[in-house]
2 protein chains.
Amino acid sequence: MRPLFHPALEDIKPEAILYALSDPERVAIFSKLAGTACGGTCSALADLGDRVIPKSSLSNHFKVLRESGLIRSERQGVEMRNQTRCPELDERFPGLVRAILTAYGQLPEQLKTG
Amino acid sequence: MRPLFHPALEDIKPEAILYALSDPERVAIFSKLAGTACGGTCSALADLGDRVIPKSSLSNHFKVLRESGLIRSERQGVEMRNQTRCPELDERFPGLVRAILTAYGQLPEQLKTG
DNA sequence: TCAACAGTTCCGAATTTCTGAACTACGGAA
DNA sequence: TTCCGTAGTTCAGAAATTCGGAACTGTTGA
């Protein structure tokens, strides 16, 4: 398996963020992650209500989120722990992620303060 | 020519906004429009520095911006006047457009106040 | 009536997205 | 060690989307 690519903070492009979050499924995944203390696994996020996302599609969603700089993924044994890069991102693009999640009506409780 | 479609404020979808603004060319067009008092025409926005956008592509960019709810277009004689729907949009999705333009480093002077 | 101009539509080529199937990687049991 | 099950990735081809040149539409002015 190829090593996972994560862009450095300064290499994160707004167009990649916007593109990644222009898909409601990815927004739902990202929002769930943002509301989870420890990192969430892929399979734990497969069920977003109405439809079960095929695992290859899910894997691709995570790849898009990761390579856009929205999340960080780390292999932990047999599974993958994913967590958002919200604090860093807010430093680089102040208010952006919060405004987007709010627009979708998906700002998790954990991000409502501050 | 087909009549131009503009979504009602309540029908504007965040995914459409994000998708429309995930293309740097469209962001440049939108930002220029946002910094223009009277509506800008298509041809006036064709030149964004490095490359001249083919007019069919330009027409399509305007269509995407219009149908996502970001701009309003109105035929005026032989040309088209385009203006942003920023005030409405900010009511529906507070801070969203501003955060996006800021992330791109393209917030025009006119929007810096308030 | 005609020419020029602004912008739209059409359509084929190129690119991207989607997802089932095959595959890889790791951990636990025996 | 070998085998099995689970988590996730990669591959491949079908479907959908994007791009842009060429043709077209609608408007104004001569």
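Within every chain, numbering begins at 1; the chains are lettered A, B, ... in the order of the sequence lines, protein sequences first and strands thereafter. In this text, all values refer to a predicted model and were calculated from it rather than measured experimentally.
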Is a side-chain donor or acceptor of [X] paired with a backbone partner of [Y] at a separation under 3.5 angstrom?
X: B/S31; Y: B/A28; answer: no
X: A/R92; Y: A/I12; answer: yes
X: A/S57; Y: A/I53; answer: no
X: A/S68; Y: A/V64; answer: yes

Take the protein atom [atom1] of [X] and the nucleotide atom [atom2] of [N], then report the distance between them rounded to whole Å.
X: A/K63; N: C/dT16; atom1: NZ; atom2: P; answer: 12 Å
X: A/E74; N: C/dC26; atom1: CD; atom2: P; answer: 14 Å
X: B/Y19; N: C/dT17; atom1: OH; atom2: P; answer: 9 Å
X: B/L58; N: D/dG20; atom1: CG; atom2: P; answer: 11 Å
X: A/E79; N: D/dG5; atom1: CD; atom2: P; answer: 19 Å
X: A/N60; N: D/dT9; atom1: CG; atom2: P; answer: 10 Å
X: A/I53; N: D/dG8; atom1: CD1; atom2: P; answer: 13 Å
X: B/H61; N: C/dT8; atom1: NE2; atom2: C1'; answer: 15 Å

Is the shortest side-chain N/O distance from [X] to OP1 or OP2 of [N] below 4.0 Å?
X: B/R66; N: C/dG7; answer: no
X: B/S59; N: C/dG7; answer: no
X: A/R51; N: C/dT19; answer: yes

Any chance the side chains of B/R26 and B/H61 put a donor and an acceptor closer than 3.5 Å?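 Short answer, yes.
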Could you check A/R26 against A/G77 and say which one's nearest nucleotide on DNA chain C is further toward the 5' end? A/R26
Proximal nucleotide (of [options]) relative to the [X] side chain:
X: B/K55; options: C/dT17, D/dA23, D/dG8; value: D/dA23
X: B/V78; options: D/dA23, D/dG8, C/dC5; value: C/dC5
X: A/S56; options: D/dT9, D/dT17, C/dT19; value: C/dT19
X: B/R75; options: D/dG26, D/dA7, D/dA23; value: D/dG26
X: A/M80; options: C/dT8, D/dG20, D/dG8; value: D/dG8

